[in-house]
There are 2 protein chains.
Amino acid sequence: MCLGGKGGKKYNKCKNEKCTCPGSRIERFIQPCLLLLVQEKPNSHGYDLLDNLKDFCLEGASFDTASIYRNLRRLEEVGFVRSDWQMSKSGPAKRAYVITSEGENVLTMWAKNIEQNKKLLEYFLKRYYG
Amino acid sequence: MCLGGKGGKKYNKCKNEKCTCPGSRIERFIQPCLLLLVQEKPNSHGYDLLDNLKDFCLEGASFDTASIYRNLRRLEEVGFVRSDWQMSKSGPAKRAYVITSEGENVLTMWAKNIEQNKKLLEYFLKRYYG
DNA sequence: ACATCTATATGTTGCTTGCACATATGTTTA
DNA sequence: TAAACATATGTGCAAGCAACATATAGATGT
């Protein structure tokens with residue numbers, strides 16, 4: 001998903017059947033990223049976000065389009081974003097997303113969660129490198 | 001799994017059907033933690049690790065025993081740890097784990113992956129808090 | 001005798017992801 | 001004008017992973 005390689009491989013995630021190699025990611029990280037991007041730039045649409053999400057990925061990596069649209073639908077379902085169809089003159093219709101106040105609350109919760117996870121990673125690294 | 005609450009709730013993960021609230025974690029984080037603990041203290045066994053893994057959890061949280069044993073079996077399957085049965089005089093038999101050189105290599109890869117993920121989280125926080 | 005602690009393990013279920021593919025419209029190019 | 005391409009949004013499926021419940025069994029305490 002968001003773990004990426006430069007050398008041809010798009011994803012770090014190992015395909016080897018039995019391999020447990022370290023291609024780990026942060027679960028559902030796409031959600032706070034989407035919320036933040038929509039907050040920063042209201043009326044973003046999915047195809048926009050596809051590009052802008054790259055900021056939250058390692059070099060050369062990107063999020064799956066399926067994940068983006070599925071998560072946007074999910075976020076709207078639970079009321080964290082709202083969308084309107086925009087019939088543009090050029091190209092197909094697109095959904096324009098805005099964040100709701102509930103979405104903003106959840107985003108602050110996400111930020112706290114992310115801080116906690118960051119601390120866990122820092123603790124691990126401190127203990128590993130000594 | 002590793003995200004924890006004090007107030008009765010063992011896990012942050014929300015049970016609400018439709019809720020996408022931020023109970024996120026780092027995927028397979030238990031694996032590098034197990035490797036590191038076994039490296040630090042060779043001949044650790046599962047029940048030991050159950051305790052020591054708490055270092056890598058938020059307050060009040062812990063890893064699931066099922067996850068510990070399943071991951072230990074997995075790590076052994078792929079050759080990152082080895083185990084011997086120890087028939088102790090007191091208590092039931094237990095497996096004593098040691099890390100292999102391949103396991104040590106993977107652990108350094110994990111450390112790099114964890115550093116990358118840490119940077120992603122830092123980037124998110126910087127962008128959110130401004 | 002029975003409960004509890006230590007220790008290891010399996011089964012089941014649901015969620016998330018990655019990949020491949022489908023659909024639709026407008027624009028450019030041969 | 002047909003084909004190819006870029007924009008834009010989605011669906012279906014399989015695999016991986018985590019949470020939870022349950023199983024097994026020997027040792028120790030009362």
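If you're wondering where the values come from, they're calculated on a predicted model, not measured in any experiment. Naming: A, B, ... by sequence-line order, numbering from 1 per chain.
Atom CZ of A/Phe63 sits about 12.0 Å away from atom CG of A/Asn52, to the nearest 0.5 Å. Taking OG1 of A/Thr100 as the start and CZ of A/Arg82 as the end, the distance is 7.5 Å to the nearest 0.5 Å.
To the nearest angstrom, C1' of C/dG26 lies 14 Å from CE of A/Met87. Here D/dG10 presents its C1' atom at 10 Å from OH of A/Tyr97, a figure rounded to the nearest Å. Atom CD in B/Glu27 sits roughly 10 Å away from atom C1' in D/dA18 (whole-Å rounding). If you take NZ of B/Lys94 and C1' of C/dA9, they are 17 Å apart, rounded to a whole angstrom. Look at CZ on B/Arg95: it is 9 Å from P on C/dT8, rounded to the nearest Å. Spacing between atom CG of B/Leu50 and atom P of C/dA9 amounts to 14 Å, rounded to whole angstrom units. Atom CG in A/Leu72 sits roughly 9 Å away from atom P in D/dT9 (whole-Å rounding). Look at CG on B/Asp64: it is 12 Å from C1' on D/dC17, rounded to the nearest Å.
Residue A/His45 places none of its side-chain N or O atoms closer than 4.0 Å to OP1 or OP2 of D/dT9.
Which of D/dG10, C/dT8, C/dT25 sits closest to the side chain of B/Trp85 comes down to C/dT8. Residue A/Thr65 has its side chain nearest to D/dG10 when only D/dT7, D/dG10, C/dA9 are considered. Among D/dA18, D/dT7, D/dG10, the nucleotide with an atom closest to any side-chain atom of B/Asn71 is D/dA18.
Evaluation of atom-type donor-acceptor distances gives no pair under 3.5 Å for the side chain of A/Arg25 against the base of D/dG16.
Map A/Ser90 and A/Ala66 each onto its nearest nucleotide of DNA chain C; the residue landing nearer the 5' end is A/Ala66. Heavy-atom nearest nucleotides on DNA chain D were determined for A/Arg73 and for A/Pro92, and the one closer to the 5' end corresponds to A/Pro92.
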Q.
Apply salt bridge (Lys or Arg N to Asp or Glu O under 4.0 Å) to residues A/Glu76 and A/Arg73 and explain how you reach the verdict.
A. CA-CA 5 Å; A/Glu76 184 162 25; A/Arg73 311 277 43 238; 2.7 Å; yes
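Side-chain atoms of A/Arg127 and A/Tyr123 include a donor-acceptor pair closer than 3.5 Å.
Using a 4.0 Å heavy-atom criterion, one finds that A/Arg70 contacts the bases of the nucleic acid, with or without backbone contacts as well.
B/Phe56 and B/Phe29 have perpendicular rings, their planes meeting at more than 60° on a 0 to 90° scale where under 30° would count as parallel.
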